[in-house]
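In what follows, every chain begins at residue 1, and chains take the letters A, B, ... in the order their sequences are listed. Here the structure is a predicted model, which is why all the values come from computation and not from measurement.
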Amino acid sequence: MLANPYVISLMTIVLLFTFLGQSWNLMLGIGGQLSIGHALFVGLGAYSVGVLYVKYGISPWVGLLTGMILAGSVGASIAWLSFRFEVRGIYFALLTIAAAEFARIMFSGWEFVGAMQGLFFPAPTGGIEISMLRGDARFYYFVALALAALGIIGTEFISRSYLGYVWRAMRDDESAARALGVRTFQHKILVISISAATAAAGGGVLALVQGSIFPDSIMGMGLSVDVLIGPVVGGLGTTFGPLVGSLAAIPLNHLMSALGDSLRIPGLNNITYGVVLISVVWFLPDGIWPAIVRLCKAIQAPPTAWLWQSRKVEE
Amino acid sequence: MTTLLEVENLSRSFGGLIAVKDVSFSLRAGRITALIGPNGAGKTTCFNLVAGALKPTSGRVLLEGRQIDNSPPEAVCRMGIARTFQIVRPMREMSVLENAMIGAFSWTRNVSEARSKAYESLESVGLAAKAHARTDQLTLPDRKMLETAKALSTRPKLLLLDEVMAGLRPTEAAGIVGVLQKLAEGGLTILLVEHVMRIVMEVASRVVVLHHGAKIAEGPPGEVVADPKVLESYLGAGFHA
Ligand SMILES: Nc1ncnc2c1ncn2[C@@H]1O[C@H](COP(=O)(O)OP(=O)(O)O)[C@@H](O)[C@H]1O
Ligand SMILES: [Mg+2]
């Protein structure tokens, strides 16, 4: 299956958006804070890697770290300002879009980062160079796979730690959590900056995979929506939701996009997206993954069994 | 006998309405005090003021001599005051056990330590058997007990209980009364809002009576129920101690 270059690049995107979805999911699904401007953090990661690499030849590893620190700080600052002035809930979400749009417009006019013309990474030379995160499509597939795996392990780890408990408490009822000693102000800033930093890591790798960065696509509203489709479809607040949701939604989107092209129905993919989203919200309001878990409970199999089974089929 | 909490000339108004008016009382460590008064007397507002959920319009609250009325609720909790909500507020997506664990994270980051504290708290209010239930599977009296367990997990010095025994059958209430008495023997100070006078008479060593936001009486339960002002404003002519 991995011999087909189309499947490899599609799966790379699925896994990268799994990771981005996990980052978003941590913030809303566990921390209870809605962001609809995650493209801001993705874009900061992409530009950190792009600028350092393209302009100065500095390794993307450094770029990823820089992007994570930058996005984490920007996320923390937005959160601090917002909660300091009691902007919360849906108003906080609106603030995240505003911040992302502000950044997109700023980067669109900023010559140093390529403005609207964007930034281009040097064409791959064939060999795999881990120190420069350079390689072929298969190499990036494994990078994305590693990231998604890290995301699953990280989500599980945080979820089972005391952070997971106090974040869920804060998500379910903020003032009741405060009455039980949870310092929600600090915890909201913490979960948002962790989410922002991980989104930046995903953005940096996404930029490398795509080979170019354009402000409208990497920091646009469209990307913010793409980030949240996976966890919403797969199951909010669950560890495997973003993976399952991305596996379901992204190939469908690509398929419909291709079908739309050949049938000359522009926007077929977006229409299908809309229909799928509405159907999921209607029929499986808590997402696909919880539905799989319920099904497996009904037939007495552990919910992860199908993962191993599908892998065995591949081998 | 040391004083744990002092409330000095506490007032709070909402717009034109004065919900709590110049109320002063103090709580002695290890004692159970009841706060009584008709609906709308300002009891819950008093709790909110002590717990840091509301700021007083004037007056002070001191815990072990330290002024706390400028502190946010999470800080007040960490200083040793835990409260229940009259209108219960379970974390809906979390199990009964997980709900009871949250408070423990105010003093530990160790999940298994928090879990064993949560079992202990649930055990003491008789909810241990339902630890793995969802909160929406609990009856209202059980949810009130869960509120109590959540508060106990913070290891408080002072526990504020807002009508937690409402809806319990007399035998169940007697069980909880026993639990509260045992907690008080262990050194916990309790301030409770309770409408059933029989329970108040049984558990409280002191009673504070509020009416229209003001304190109209304070003293041992036997004296308070004999106070003509209390009889008139609250207990009604039909009550005889
Ligand atoms: N947040 C609030 N905003 C406006 N009025 C309030 C608020 N909280 C309480 N009140 C009013 O203050 C008075 C006292 O209420 P409360 O403290 O809940 O009484 P109790 O608990 O003794 O029944 C009532 O008249 C109530 O309507
Ligand atoms: Mg009340």
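- When all heavy atoms of A:Arg178 and B:Pro72 are compared, the closest pair comes out as NH2-CB, 3.5 Å.
- Ranked by heavy-atom pairs under 4.5 Å with chain A, the first of B:Arg92, B:Met101, B:Glu93, B:Arg109 is B:Arg109.
- For A:Ser161, the part sitting under 4.5 Å from any heavy atom of chain B is the backbone (N, CA, C, O) and nothing else.
- Under a cut-off of 6.0 angstrom, the local environment of NZ in B:Lys182 is sparse, with at most 12 non-hydrogen atoms contributed by other residues, nucleotides or ligands.
- The residue among A:Leu163, A:Val182, A:Thr184 with the most heavy atom pairs within less than 4.5 Å of chain B is A:Val182.
- In this structure, A:Phe157 places its CZ atom where only 12 or fewer heavy-atom neighbours from other residues, nucleotides or ligands lie under 6.0 Å away.
- Distance CE/B:Met94 to OH/A:Tyr165: 7.5 Å, rounded to 0.5 Å.
- In this structure, the separation between NE2 on A:His187 and CD on B:Glu74 is 10.0 Å, given to the nearest 0.5 Å.
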Requested in this report: Report the C-alpha separation of B:Lys150 and A:Leu180 in whole Å, then their side-chain angles, then the decisive distance to 0.1 Å, and conclude whether the side-chain contact (heavy atoms from CB on, under 4.5 Å) test is met.
Outcome: CA-CA 7 Å; B:Lys150 282 158 74 178; A:Leu180 294 168; 3.7 Å; yes

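- The two residues A:Ser175 and B:Arg89 have their closest heavy-atom pair at OG-NH2, 2.9 Å.
- Remark: B:Arg143 CZ is packed, more than 12 non-hydrogen atoms of other residues, nucleotides or ligands lying under 6.0 Å away.
- The minimum heavy-atom distance linking B:Phe105 with A:Val166 is given by the pair CB-CG1, 3.8 Å.
- When each of B:Ser153, B:Gly103, B:Cys77, B:Ala82 is scored by its heavy-atom pairs under 4.5 Å with chain A, the top score falls to B:Cys77.
- Around CG of B:Leu17, the count of heavy atoms belonging to other residues, nucleotides or ligands within 6.0 Å exceeds 12.
- In terms of heavy-atom pairs under 4.5 angstrom with chain A, the leader among B:Arg83, B:Met79, B:Glu98 is B:Glu98.
- Contact record, B:Ile102 with A:Ala169: CD1-CB, 3.5 Å, taken as the closest heavy-atom pair.
- Interface residue A:Arg171: only side-chain heavy atoms are found under 4.5 Å from chain B.
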